[in-house]
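Quick note: numbers below take in every heavy atom, side chains included, and nothing from hydrogens, waters or symmetry partners. Just so it is clear, the structure is predicted and the values come from calculations on it, not from any experiment. Letters A, B, ... are given to chains in the order of the sequence lines, protein chains preceding strands, and every chain is numbered from 1.
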Protein chains: 2
Amino acid sequence: MEFANVSERQAMSPELAVSTVIFALRDELRDGEPTGRRTLWLPLIRRTREPFRGQWALPGGPLGVRQTLQDAAAGNLRATTGLAPSHLEQLYAFGGLDRSPAHRVVSIVYWALVREEHPDAPQLVKDPHVAWFPARDEAVIDALAFDHAEIVRYALWRLQNKVEYSSIAHRFLGPRFTLAQVQDVYEAVLDRRLDAANFRRHLRGASGIEATDEYLHGGKHRPPRLYRYAGDAAVVPQETTNTEEQRDRS
Amino acid sequence: MEFANVSERQAMSPELAVSTVIFALRDELRDGEPTGRRTLWLPLIRRTREPFRGQWALPGGPLGVRQTLQDAAAGNLRATTGLAPSHLEQLYAFGGLDRSPAHRVVSIVYWALVREEHPDAPQLVKDPHVAWFPARDEAVIDALAFDHAEIVRYALWRLQNKVEYSSIAHRFLGPRFTLAQVQDVYEAVLDRRLDAANFRRHLRGASGIEATDEYLHGGKHRPPRLYRYAGDAAVVPQETTNTEEQRDRS
DNA sequence: TGAATAGTGTCTTTCAGACATTATTCC
DNA sequence: GGAATAATGTCTGAAAGACACTATTCA
């Protein structure tokens, strides 16, 4: 089959794009001041073109012919944050007819975790059209372009589920961490307080976290023991191993 | 941007297709004779064109511009079996570079459950290029076209996971069923025997299954009580509600 | 020594596996 | 009555929530 131009071609098959929901853990702010807690933040991009010009949207773009889905998602992430993902996983393919006015676009969406960085770390992208927002700020999320509010909420829900049965919490952290830091991650993701004793027992049992001989000094009081993750160290799962995401409750 | 022809256009964006893995429960056969147990079967389509001409493949096809992903998946199912899905859910988007020789194709794959039908039921599609196979027959699955073996195995794994924490087992069955029938579904999907007493207690607790006043007569011995599913009756989840699949263990 | 955080022990409830037991139907 | 399947009861151990308690560091 041959087609005279792109319009005819477009009549046959929808556009294909890849977008990425990126989460990081940062200090929670109230009235501009840190509360002492941590929360989930995500980077958004301000649209400079119609449709939804001026509104915030998820990073994304068309998929190249010689580009895997994962590569495209990691590319979104690098372009937006300058960082590499410590976790990257397919979320869902969104294919509703009216996600975008005029065009029909199918978006394959990934979600990613990145390690916390100081907001003024040198490798972070400095771009007036990129900004970080609290992932649970309803005013921000509801105002997103396209169906991105729905996508962000779904990604948040997936992250919550995954943290409960899988050990990905450490991917927000560095190679050495205290159990209190892991608990901070859980509390930020699940958005509720956990009992330290039970949480500690839970971690000892079911996850690939093991104690080291080191302790974190420099705090104000008793230094906590440092732990490390002892599972497979693969930062980015392979395209061919979709041994991921499966336990969403319906 | 304008393009002179489809080749140029294709250089910009991969093809987009939708395929569907369809499961039904049927009598298990050994040497052509029923064993008394049930197992999972799936319908496959024999390819009549290159590539992989003559090999079996999952039903699928290109996505139309005004067609939702779910509609395309349900269309696969109807064309292959003549049946409507009692469950339909997105599985994964497969986007490896070399899934298909020469072309770059991204496939968004769904998985579906259909109620058991007698293999010679009138509404079933009669097509020499369609045949049903046991879903765990490694010789069949390994010989599938493209990366469909990987896809089928992933779908099976998802179905197993889902049946353990969700109540979809009844979607293999009619509106009224006995607990033994539900147990048969679980045993076929999980591929192991379950203790009837514990299984019964499990069902009473966590799922939307409730007893009716009816009993199934006509058996050889004590007639079992009939149950029904009391949850939401939606046969096909909405495109916009992805409250699905999330608990895969990684 | 006291404040603050790190870390342990124990009681209780819930739930799942193992398995013995009773119930009802048809032949 | 006996065979077969349906359905219930009970014992046990694993895991999670609640919460009291001990340990170690710094100021």
A:F23: what forms a ring pair (Phe, Tyr, Trp, His ring centres under 6.0 Å) with it, not counting sequence neighbours?
none
Partner set under ring pair (Phe, Tyr, Trp, His ring centres under 6.0 Å) for B:Y227, not counting sequence neighbours
none
So does A:R225 have more than 12 non-hydrogen atoms from other groups sitting under 6.0 Å from CZ?
yes
With respect to B:R153, which candidate in B:D137, B:D142, B:D147 satisfies the salt bridge (charged side-chain N to carboxylate O under 4.0 Å, His left out) definition?
B:D142
Each nucleotide in nucleotides 19-27 of chain C should get exactly one letter: B, S or -. Can you fill that in based on protein heavy atoms under 4.0 Å?
B---BBBB-
If the condition is ring pair (Phe, Tyr, Trp, His ring centres under 6.0 Å), which residues does B:F177 pass it with, not counting sequence neighbours?
none
If we ignore hydrogens and angles and just use 3.5 Å, is the side chain of B:S86 paired with the main-chain N or O of B:L113 as donor and acceptor?
yes
Going 5' to 3' on DNA chain D, which nucleotide is the first and which the last to come under 4.0 Å of a heavy atom in chain B?
D:dA3 to D:dT10
Non-hydrogen atoms of B:L40 and B:F172 that approach each other most closely:
CD2-CZ, 3.8 Å
For A:R201 and C:dA6, give me the distance from atom CZ to atom C1', rounded to whole Å.
17 Å
So A:W56 and A:L144, side chain to side chain contact (heavy atoms under 4.5 Å, CB included) or not? Walk me through it.
CA-CA 5 Å; A:W56 295 96; A:L144 291 181; 3.8 Å; yes
Please state whether the phosphate of C:dT8, meaning OP1 or OP2, lies under 4.0 angstrom from any side-chain nitrogen or oxygen of A:R204.
yes
Give A:R225 one of three labels, base, sugar-phosphate or nothing, depending on what nucleic acid heavy atoms sit under 4.0 Å from its own.
sugar-phosphate
Indicate the atoms forming the closest heavy-atom contact of B:Q183 with B:D195, along with that distance.
NE2-C, 4.2 Å
What is the distance, rounded to the nearest whole Å, between atom NE2 of B:H202 and atom C1' of C:dG17?
13 Å
Does the pair B:L156 and B:I141 meet the rule for a side chain to side chain contact (heavy atoms under 4.5 Å, CB included), with working shown?
CA-CA 12 Å; B:L156 248 178; B:I141 301 305; over 6 Å; no
Which atom pairs link the protein and nucleotides 12-14 of chain C when you take only N or O atoms and keep those under 3.5 Å?
none

Distance check needed: C:dA16 P versus B:Y165 OH, whole Å only.
16 Å
